[in-house]
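Report on the structure given below.
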Amino acid sequence: MNICPELRLALAATVLCGVMPAGERPAFEVVSIRQHTAASGPVERPGPTPNGFRSIGLPLISIFQWAYPRPNETGLLRGDLIEGAPHWLSDEAWDIVAKVGETDLANWQKPEMRQTMLRAMLQAMLADRFKVVTHYENKEAPVYNMVVAKSGPKFQQTETVNSDGGMLGTNVRVVPSPDGIQYKGISMAILAQTILPNMAGRPVIDKTGLTGNYDLTLPDLKRPSMAPLPSGDDESVFTALPEALGFRLEPAKGLVEKLVIDHVERPAGN
């Protein structure tokens, strides 16, 4: 089965959710920050490594996407949920190579802790080297309301919910299948907040009124353009949801929690 890049990215980001022990605020031991040049080598997408973090030849705004997920959500922060960023954060290419210290390395090697540690370390790096100050704020923005289609839901309520946690940092289990991605024990809130926005291109608000946990299969979808509705015969979240799950997405306006960058400075490269 081929999983679309956006869904693969969402799953890769959410699988690493964890909880840091209270009072611990780890930081990278060594951080190298330089503007990208031809001598820096090929571009590398941001991401954790066995002993740290690398981002080569990409805008610094991507670091904010890794460092500042919205409260109570998993995965990367989408670029449209960031405000106040100066143009150079998106226009200039930088190289960042960070290393975890020996005292943190054992915890870093644990998948259930790495993502939480990474966010804390990136935030510490941004505050120290970029003098970053941020806050979250509710602002009106284009959204999609997820509502039940006329056909009604086409899935079953979960009979038993796992108690040991799952790939989405909750009790959800995620299983690839020939038809797409199967979610066991997922709530409509998690589906709307964590999974669908990566394919719809804007925040999705759960308006289904369904409050339980459910077993469902989300088809392998192509991400549509940023246009309000897709055109042609391409399978997308808009065309597949009503048929596969009995949902539809309606364009609307709503309050969306965004990250606001109050202050950021260019770093002194090293």
Side-chain angles (χ1 to χ4, degrees), residues 2-18 25-69 74-134 198-199 201 222-223 225-226 259 261 263-270:
N2 294 321
I3 302 175
C4 65
E6 289 73 22
L7 186 53
R8 185 183 297 113
L9 180 60
L11 292 174
T14 55
V15 72
L16 296 175
C17 295
R25 295 294 183 269
F28 292 117
E29 182 178 66
V30 179
V31 178
S32 171
I33 301 176
R34 303 174 185 272
Q35 282 200 280
H36 185 74
T37 66
S40 302
V43 171
E44 295 182 29
R45 294 181 63 180
T49 67
N51 65 349
F53 179 86
R54 286 176 64 88
S55 176
I56 305 298
L58 290 174
L60 292 172
I61 195 68
S62 62
I63 306 301
F64 284 81
Q65 293 179 266
W66 279 87
Y68 293 100
T74 60
L76 305 184
L77 181 67
R78 296 198 325 278
D80 62 300
L81 298 179
I82 301 175
E83 289 197 355
H87 68 86
W88 58 268
L89 280 182
S90 298
D91 295 346
E92 298 177 2
W94 289 77
D95 301 334
I96 295 181
V97 179
K99 182 180 179 182
V100 174
E102 289 296 326
T103 56
D104 289 317
L105 192 57
N107 284 334
W108 181 263
Q109 301 294 341
K110 301 175 183 178
E112 69 274 14
M113 296 186 66
R114 181 181 292 177
Q115 182 67 9
T116 303
M117 291 179 67
L118 175 59
R119 289 168 178 166
M121 290 176 168
L122 288 176
Q123 289 181 18
M125 178 194 73
L126 289 170
D128 177 45
R129 301 292 296 274
F130 297 79
K131 312 306 178 188
V132 166
V133 178
T134 66
N198 294 297
M199 291 173 280
K222 300 176 182 178
R223 186 186 188 280
S225 68
M226 295 304 290
L259 177 75
I261 300 175
H263 182 80
V264 60
E265 299 177 8
R266 279 189 178 87
N270 68 313

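- In this structure, Phe53 and Phe28 have tilted ring planes: the angle between them lies in the 30° to 60° band.
- Between Ile56 and Ser40, the shortest heavy-atom distance links the atoms CG2-O, 4.2 Å.
- Here the side chains of Asn107 and Met117 are in contact, with some heavy-atom distance below 4.5 Å.
- Judged by distance alone, with hydrogens and angles left aside, the side-chain atoms of Gln109 form a donor-acceptor pair with the main-chain N or O of Pro50 at under 3.5 Å.
- Formation of a donor-acceptor pair under 3.5 Å by the Glu29 side chain with backbone atoms of Val100 is not found in this model.
- Contact annotation: the side chain of Ser32 never approaches that of Ile96 to less than 4.5 Å [non-hydrogen atoms, C-beta and beyond].
- A salt bridge links Arg54 to Glu44: one of the charged nitrogens lies within less than 4.0 Å of a carboxylate oxygen.
- Here the straight-line distance linking atom CG of Leu89 with atom CH2 of Trp94 works out to 10.0 Å at 0.5 Å rounding.
- Taking every heavy atom of both residues into account, Pro46 and Ser55 meet most closely at CG-OG, 3.5 Å.
- In this structure, CD on Gln65 lies 10.0 Å from CZ on Arg78, to the nearest 0.5 angstrom.
- Of the possible donor and acceptor atoms, none in the side chain of Thr116 sits under 3.5 Å from a partner among the backbone N and O of Met113.
- Contact between Ile33 and Pro267 at its shortest, heavy atoms only, is CG2-CG, 3.7 Å.
- For Ser90 (side chain) and His87 (main-chain N/O), no donor-acceptor pair under 3.5 Å exists by modelled atom type.
- Considering all non-hydrogen atoms of both residues, Gly57 and Val43 come closest at O-CG2, 3.8 Å.
- For the atom pair CD of Gln123 and CD1 of Ile63, the computed distance is 12.5 Å after rounding to the nearest 0.5 Å.
- Heavy-atom minimum distance, Ala27 versus Asp104: O-OD2, 4.0 Å.
- Counting only heavy atoms from C-beta outward, the side chains of Val31 and Arg129 approach each other to under 4.5 Å.
- Shown here is Glu265, whose CD atom has more than 12 heavy atoms of other residues, nucleotides or ligands within 6.0 Å.
- Only one option out of Thr134, Ile261, Ile82, Leu81 pairs with Tyr68 in a side chain to side chain contact (heavy atoms under 4.5 Å, CB included); it is Thr134.
- Atom CG of residue Leu60 and atom CZ of residue Arg266 lie 9.5 Å apart, to the nearest 0.5 angstrom.
- To the nearest 0.5 Å, atom CG of residue Leu105 and atom NZ of residue Lys99 are 8.5 Å apart.
- Judged purely by atom type and a 3.5 angstrom limit, Trp66 has no side-chain atom pairing as donor or acceptor with the backbone of Leu77.
- Of all non-hydrogen atoms in Pro48 and Trp108, the two that sit nearest each other are CB-CZ2, 3.9 Å.
- Rounded to the nearest 0.5 angstrom, Leu76 CG and Arg119 CZ are separated by 8.0 Å.
- Annotation: side chain of Leu122 is not in contact with side chain of Phe64 (no heavy-atom distance under 4.5 Å).
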